[in-house]
Every structure is written in structure tokens, then in C-alpha cells.
Protein chains: 2
Amino acid sequence: MVTREARKEDKRARLRDAAWALFREKGFEPTTTKEIAARAGVASGTLFLYARDKADLLFLVFHERLSAAVDEGLRTLPDGPLLEQLLHLFAGFFRVYAEAPEVARAFVKELPGADGPNAQLTNRLTMSLLTHVSGLVQRAQARGELAADVPPMLLAQNAFALYFFALTAWLGRMTTLEGALDPLLRSSLALQLRGLSGK
Amino acid sequence: MVTREARKEDKRARLRDAAWALFREKGFEPTTTKEIAARAGVASGTLFLYARDKADLLFLVFHERLSAAVDEGLRTLPDGPLLEQLLHLFAGFFRVYAEAPEVARAFVKELPGADGPNAQLTNRLTMSLLTHVSGLVQRAQARGELAADVPPMLLAQNAFALYFFALTAWLGRMTTLEGALDPLLRSSLALQLRGLSGK
DNA sequence: TAGTCATAATGACCATGGTCATAATTGACA
DNA sequence: TGTCAATTATGACCATGGTCATTATGACTA
């Protein structure tokens, strides 16, 4: 038996896939909501039962991809200094965005003040990422790499802020993808970590 | 004699003032471009000769107010530690946004990848702010407050990134105005500056 | 002053995002 | 199986942002 919930979930998935395919093919702006609805096999109005507005589709799409990147990043986390672990994680996110920078730009634009239903998912994801990073900080403290009196969550926030700034600089075409990761983000994080060494 | 340039400048100013007044009264979204044009005394299409799109009006409006905040902040800069000087500057920006948080949210949303004609102005303003902050860093180094081998521009960027994150947290309703400035931004900047002390 | 041309202004027009009254579907319960 | 309230879907419709062919303006020259 196919439950209501399952049907809804199926439609949500179809809309997500249709949106992602079209955004990739034609970009965010040029894609119309009616095209997406048609491709997903639903009526034009139905789309708005699954996303509050067009922008909310971006959260639907990126939530899935970014969750995967978090999982993958944590799974393949290297041993070694905190700086390298952070870069490893963030590099994974950059790869997600690099699949479609145009669409990523639209997504990042919507991040400040995001409050649609799907945006909530992304916010929760960010929170959980911060918690994980905070955990990495604590591990670095445990192995004596980092001063024990650094508030882990605060450092996690700062690291995230620097990551977000580098991301914005890249998407704003102020640097290349590689440049954003390597000179920019690496040196930013290094400067933040400088002087926080253990003992 | 009234030159063409003067007429254009006058229209630009009228559009800017009309936009600001209406955005304050009704918010960004609910204000229509035709209302703004009418209030400025121009035809609906004329507006788009002065702003590439509705969002570009935000840059027209905020460029003026943020420039003033930069000037004022630098003019009244306190003596004392770098941390206090940075907070003084950033507090000025928060005050600008606090005049109309709803509109500020729309503005900040448009910042990533801003490329309209008026957006250029704002980008230049950010660059000049970074240069000024970099100057403050150098002065702190000169007075021995900060290690001499810290790259000034890099620290300026990091400080700005932390400011931007705090701003986003406030506009995203994750903290109050005071909370964004005092526990959040202050402790972020303090953590960044920790361990960079001179000598 | 009349003539000419680049620049600026206009507003009818169009495509699209989003709404909402109506219709269809579902499944709990008898 | 039949009933019916609740949930879900539909697409005609509307308001708005943005375009563009047309018109107006004004700075020149002769």
C-alpha cells in the first residue's frame, strides 16, 4: 500500500530532481517554476505546496547535496592538524557549489534570513556542522594541539565565518575556486589559529 | 543653466529618497517600483535607467548611508586597543541597519555577487573600508600592541568576515542587536586577536 | 533661428512568480 | 462497501518587475 506520506515524499523528490536538472541546464533565473512543475509531473500550483517560493527550491536541492558532503567529509576526515581537517571539510562544500556556481550564487544569496520550510533544513544542517566542528576543536585540545581554554563553539563559529567569507569572495568572482581555498581560506584559518596553540 | 548631468543627478537623488522613504514605510517587498517612480516624479520605465533592477535601488540607498557611517566612524575613532576601535566602527554599521532591519535584510541578501551599477559603489566602499582597517592594524603594530609579522590586510579581511557573520546572525534573527554586537562580535574578534599580541 | 543628432524619458506591453476558489483523492470508520 | 471530513491537487487568474519601440529633449553648428 502506498501511503499519503510516501506519495508526498515521492513528489518532493521529483520536484527536487526536476529543479536541480533545470537549474543546472539553464541557470536559476531563466528556469520558470512552471517548467519545473511540468517536468516533475505536477500542476503549477502544486509546486508551492512543497516550496514556499522559488528560492525555497534551492534549499530543497542543496540540503540534500550538502548533507552528503558533510557525511562524506567527516567519514574521510584526515588525521593531522585541525587546520587540515577544517580545510578538508570546507573543500567538500566548495566542490558541491562548483558543480553549478551560478546556482550556488543564488543559493548563498538566500542564506541570510532564510525562513521557508526547506530553509529550516539548511539551518539545522549548519547548526549540526558547527557542533561537529566544535567536536574537532575539542579533539585538538585533547591532543594538546590547542589551548584548553578556547571555547570550542566560538572557534567553530569563527572558522565557519571565515569559510563563508571565502565562499562569498569566490562566488562574487573576486578569486578563483582554487584561490579561494588555498591562499585565501587557508591563510585566514591559519591566522585565526595562530596563537591558540596548546600548553 | 541646468546641465544634463545636473538633471540626471537630481533624478537619481529623487529616486534614492523615494525608494528609502517607501522601503522604510512599507518594507522592501511590498513597495512596487511603480510607486517609487511615481513618488520620484518619473515614469515607471525611467527608474530602470538609474537602477538595473529593484535590488539595485538598495545599493543606491545604502551606499550613501554606509559611506556616511564609515566617515563618522573614522572621525570619532577612539584611542585604545584595536578591538575597541573595530567595535566602534562596526557598531556604526549596525546602527545604519537598525534603522530598518527588514530593508537591511534585503540589502545583505543582495551582497553576494552584487554586480549592478550601484552595487559597484558598495563594493568599492567595502574595499576602502578594508584598507582603512588595515591601516588601523598597522597603527596597532606600530605601537607594539600587535605582532609585526601579521599581514595587515589579511587580519582586516578576517575582522570583516567576523563582522559580516555577526550581522547575518542578527538579521537572521538568531540574536538581538545588542547581542550581536556584544557577546557575539566582541568575543569573535577577541578570539581572533588573541595570541597576536606584540613582542 | 532652424536643423541635426545623441541622449534621455515614456508607458503600453509581456512573462513570470505566486494565490486561491474549486475539484479530486484518500482513508478512517461504520 | 458506502459515507464523509480532511488532505492534497489543480490551473485560471492577478500583480509586478522589467523591456523596448517610440517620443521628447537639449546641446551643438551654421
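Here the structure is a predicted model, which means the values were calculated and not measured. Lettering of chains follows the sequences in order, A, B, ..., and the numbering in each one begins at 1.
- Residue B:Arg7 has no polar side-chain atom (N or O) positioned under 4.0 Å from OP1 or OP2 of C:dA9.
- Taking 4.0 Å as the cut-off between side-chain N and carboxylate O, B:Glu110 and B:Arg105 do not count as a salt-bridged pair.
- In this structure, A:Ser44 and A:Thr33 have side chains that are not in contact, with every pair of non-hydrogen atoms separated by 4.5 Å or more.
- The side chain of B:Lys11 contributes an N or O atom lying less than 4.0 Å from OP1 or OP2 of C:dA9.
- In this structure, CG of A:Leu58 is placed 14 Å from C1' of C:dG17, rounded to the nearest angstrom.
- When the P atom of C:dG17 is taken as reference, atom CZ of A:Phe48 falls 7 Å away, rounded to whole Å.
- Atom-to-atom, NZ of B:Lys54 to C1' of D:dA15 comes out at 12 Å; the value is rounded to the nearest Å.
- Within the 4.5 Å cutoff, the side chain of B:His63 has no heavy atoms near those of the B:Arg124 side chain.
- Considering only side-chain atoms of A:Ala43, the nucleotide from C:dG17, C:dG11, D:dG11 that sits closest is D:dG11.
- Summarising the geometry, the separation between CG on B:Asp10 and P on C:dA8 is reported as 15 Å, rounded to the nearest angstrom.
- Applying the 4.0 Å criterion to OP1 and OP2 of C:dA8, one finds that B:Tyr50 has every side-chain N and O outside that range.
- For the pair A:Lys54 and A:Phe48, the NZ or CZ position fails the cation-pi test of under 6.0 Å to the six-membered ring centre and within 45 degrees of the ring normal.
- In summary, the aromatic rings of A:Phe28 and A:Phe107 are positioned with their centroids too far apart to meet the 6.0 Å limit.
- The side chain of A:Lys8 lies closest to D:dT8, out of C:dA9, D:dG17, D:dT8.
- Across all strands, A:Thr32 comes closer than 4.0 Å only to sugar-phosphate atoms, never to a base (heavy-atom distances).
- Regarding A:Ile36, its CD1 atom lies at a distance of 12 Å from the P atom of C:dT16, rounded to whole Å.
- Applying the 4.0 Å criterion to OP1 and OP2 of C:dG17, one finds that A:Thr33 has a side-chain N or O inside that range.
- Judged by closest nucleotide on DNA chain C, A:Pro30 is the one of A:Pro30 and A:Thr46 placed further toward the 5' end.
- Residue-to-nucleotide contacts include a donor-acceptor pair under 3.5 Å from the side chain of B:Lys34 to the base of D:dG18.
- A:Leu49 places its CG atom 11 Å from the C1' atom of C:dT19, with the value rounded to the nearest Å.
- Note: CD (A:Glu29) to C1' (D:dT16) measures 14 Å, nearest angstrom.
- For the pair B:Lys26 NZ and D:dT16 P, the computed distance is 8 Å after rounding to whole Å.
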